[in-house]
Amino acid sequence: MINASELKLTAVSPDVRRVAAQAVVIAVAQDKQGPRLLDSPLPKAETAALQDSLASLGVTGATDQVLRLPATDSLKAGVLVLSGVGRVEGSTPDAETLRRAAGSAARQLAGLSKVVFAFPTPTVELAAAVAEGIALGAYTYSNHRSKAPEKGPLTEGVVATAASAHKELPAALRRAAVVGRAVRGVRDLVNTAPNDLYPESFASEARNAVKPFPLKVTVLDDKRLEKDGYGGLMGVGKGSARPPRLVKIEYTPAKAARHLALVGKGITFDTGGISLKPPANMHHMKSDMAGAATVLGTILAIAELGLPVRTTAWLCLAENMPGGNAARPGDVFTMFGGKTVEILNTDAEGRLVMADGLVAASADKPDVVIDIATLTGAQMVALGRRTSGIMGEETVRDALVEAAAVSGESVWAMPLPEELRASLDSTVADLANAGDRNGGMMTAAVFLQEFVGEVDGNKIPWAHIDIAGPAFNDVAAYGYVPKDGTGSGLRTLVAYAERLAGK
Ligand code: BES
Ligand code: MN
Ligand code: ZN
């Protein structure tokens, strides 16, 4: 369930000596010659003394190194915090470096309330990056604890910046707060135990979440899905006692030049079905709904920011279980729109629910369709845990790559090799749900491409984002990324929508 924990973000000018707060964070770069303090609000002599003792304090300036020291009387705050930014050329780190250092400090300072971040931020863009880092790092997940933990997330971040009086700063801080809250909401959904989050409860969660905004929600229940021929969602959901749902959320601002459709994979738990997954780490498959959570969070952020882009989000929700009524390998599903698919592996279920979603989304004739899914283990083989793969029509794909660069998310453009299509040929149906495992991330994308519709004989521009690795961090927290649900992908989609809006 989404926790609406509020974070206050404000800005002040760089002289923070008299600002009342629990702590002031300053940045330390990791130079070849040793650690180097970046902007310091301390008096000159104190700054010099601190600089001289950094090495003996064990401070290296490495990323994620966050050290607390008692502050001197020259600060009103009781604690001085040093946050490593890693290698930096010159005196001002780039936006993502600042975002990570602020996020890491905000994350590691859980339990505090008000903290000042005194990083070098000469521009609105850099001050906004610090604010966003705070909004991403100030996160803890405790919904399933019997008692609230002692250390809740940081509740107030103050950005000390030379751009504090800039007329564009308030909007930038607000954007950071909105985007950060949306990302934290995605993490909450991903982290929710799968006995609590299932298609029906996810749909009510979506209904609830959109209430404050001008958004229209339509929930197609299993009766309706059956009647209308959503064979992908119904076929995948059959093995579960908890039936599938398709959620459509519409944002229709008055002055919108473009219509963006977003489709998200929402497998609330993926056991693999009859093609059962091995038990090791199967519990991570509660995160197989991250795509749907991301499109929900994205449309909430787009609406709250009031972006002039008509947006439709589709949440393809089902639970992939091996129950007595579950699909068998060899079954043939008739997908929404009529194409038939032979099921060779019931664990390749994401592409089946997404196919229904892509056909449904295409029927509205949007200008562009983007889907996002924890689709393949092959994504991690190809790109690792932290880098999403983006495939599809090249202009959309490349625009998403550029949006990701602006947002600070790690993505990589991948091709859609034509020859993979033949590996999806079926002897009995229009296509099979599994093909070549070599380049399996691309094979899955080639499957999805078959379900993207046309307008006036032209394929709707479409791209697919595979977030299998990046959606769930099963190693350790770093930067502004917590362990478990990450919310990866949302910032890129919001940045893409802003591009469409001409921002
Ligand atoms: N949800 C998984 C993909 C996944 C794996 C996401 C690991 C995150 C971490 C997906 O439904 C799946 O099982 N894909 C199969 C496809 C194969 C059977 C063609 C896979 O990747 O093995
Ligand atoms: Mn699967
Ligand atoms: Zn899956």
Side-chain angles (χ1 to χ4, degrees), residues 190 194 197-199 202 232-233 235-240 244 263-294 315-322 326-331 333 341-357 371-389 391 414 420 423-426 431-448 464-475 484-486 488-489:
V190 169
L197 192 75
Y198 46 96
F202 197 146
L233 280 156
V236 170
K238 277 192 311 177
S240 168
V263 183
K265 172 176 172 180
I267 298 297
T268 57
F269 195 73
D270 182 12
T271 64
I274 295 301
S275 313
L276 195 63
K277 287 183 182 293
N281 291 328
M282 200 203 271
H283 63 285
H284 293 169
M285 283 300 117
K286 71 174 183 179
S287 65
D288 213 18
M289 35 52 70
T294 304
L315 284 56
C316 307
L317 308 176
E319 187 178 45
N320 189 22
M321 297 285 279
R328 292 150 288 255
D331 281 1
F333 293 180
V341 177
E342 181 186 12
I343 308 308
L344 298 181
N345 189 323
T346 65
D347 198 11
E349 84 298 337
R351 60 196 76 185
L352 302 170
V353 301
M354 293 298 277
D356 277 357
D371 80 73
I372 181 161
T374 48
L375 206 61
T376 65
Q379 179 277 320
M380 280 178 275
V381 177
L383 296 173
R385 298 173 189 274
R386 297 188 187 180
T387 303
S388 300
M391 291 137 282
M414 296 294 280
L420 288 175
S423 76
L424 291 163
D425 282 345
S426 159
L431 68 168
N433 81 326
D436 200 341
R437 296 187 73 92
N438 297 300
M441 168 171 59
M442 281 111 69
T443 308
V446 168
F447 179 95
L448 294 181
H464 157 66
I465 311 178
D466 195 333
I467 53 168
F472 194 80
N473 173 17
D474 58 1
V475 189
D484 297 352
T486 63
S488 180

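Excluded from the calculations below are hydrogen atoms, water molecules and symmetry mates; all remaining heavy atoms, backbone and side chain alike, are included. Whatever order the structure lists ligands and atoms in, that order sets their numbers, starting from 1.
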To the closest 0.5 Å, what do you measure between CD1 (I372) and NZ (K265)?
12.0 Å
Considering only protein heavy atoms, which is closest to atom 6 (C) of ligand 1, and at what distance to one decimal place?
A468 CB, 3.6 Å
Report the angle formed at the Mn ion (ligand 2) by atom OD2 of D270 and atom OD1 of D347, rounding to the nearest 10°.
100°
Please test L352 against I343 for side-chain contact (heavy atoms from CB on, under 4.5 Å), starting from the C-alpha separation and ending with a verdict.
CA-CA 9 Å; L352 302 170; I343 308 308; 3.7 Å; yes
Minimum-distance atom from the Zn ion (ligand 3) among N, O or S atoms of E349:
OE2
Spatial distance of atom CE (M285) from atom CD1 (I267) [nearest 0.5 Å]
11.0 Å
Does E349 put an N, O or S atom under 2.8 Å from the Mn ion (ligand 2)?
yes
For atom 22 (O) of ligand 1, which protein heavy atom lies nearest, and how many Å away is it?
R437 NH2, 4.2 Å
Any side-chain donor-acceptor pair under 3.5 Å between D436 and T443?
no
What atoms of ligand 1 come closer than 4.0 angstrom to any heavy atom of M380?
7 (C), 8 (C), 9 (C)
Using atom types as modelled and distance alone, determine if a side-chain donor or acceptor of D356 lies under 3.5 Å from a backbone N or O of L233.
yes
Does F472 form a side-chain contact (heavy atoms from CB on, under 4.5 Å) with T374? I'd like the steps, not just the answer.
CA-CA 9 Å; F472 194 80; T374 48; over 6 Å; no
Which of the ligand 1 atoms, numbered from 1, are nearer than 4.0 Å to a heavy atom of R351:
16 (C), 19 (C)
For ligand 1, the portion of L375 having any non-hydrogen atom under 4.0 Å away
backbone
Closer than 4.0 Å to some heavy atom of N345 - which atoms of ligand 1 meet that?
18 (C)
Hey, does K238 have a side-chain heavy atom less than 4.5 Å from the side chain of D331?
yes
For atom 15 (C) of ligand 1, what is the nearest protein heavy atom, given as residue, atom name and distance?
D347 O, 4.0 Å
Determine yes or no for a side-chain-to-main-chain donor-acceptor pair under 3.5 angstrom, with Q379 supplying the side chain and G469 the backbone.
yes
Closest approach to the Zn ion (ligand 3) by D288, given as the N, O or S atom name:
OD2
If I take atom OG1 from residue T294 and atom CE from residue M289, how far apart are they, to the nearest 0.5 angstrom?
8.0 Å
With a 4.0 Å heavy-atom cut-off (strictly under), which part of D270 contacts ligand 1: side chain, backbone, both or neither?
side chain
Specify which N/O/S atom of D270 comes nearest to the Zn ion (ligand 3), by atom name.
OD2
Closer than 2.8 Å to the Zn ion (ligand 3), do we get an N, O or S atom from G350, backbone or side chain?
no
Find the distance between CE (M441) and NE2 (H464) and round it off to the nearest 0.5 Å.
7.5 Å
Among all the protein's non-hydrogen atoms, which is closest to atom 20 (C) of ligand 1, and how far away is it?
G377 N, 3.9 Å
Say you draw a straight line from CG of D425 to CD of E342; how long is it, rounded to the nearest 0.5 Å?
11.0 Å
Region of K265 that comes within reach of ligand 1 [heavy atoms, distance under 4.0 Å]
side chain
Proximal atoms of ligand 1 relative to E349 (non-hydrogen, under 4.0 Å):
11 (O)
For atom 8 (C) of ligand 1, state which one of M441, M289, M285 supplies the nearest heavy atom.
M285
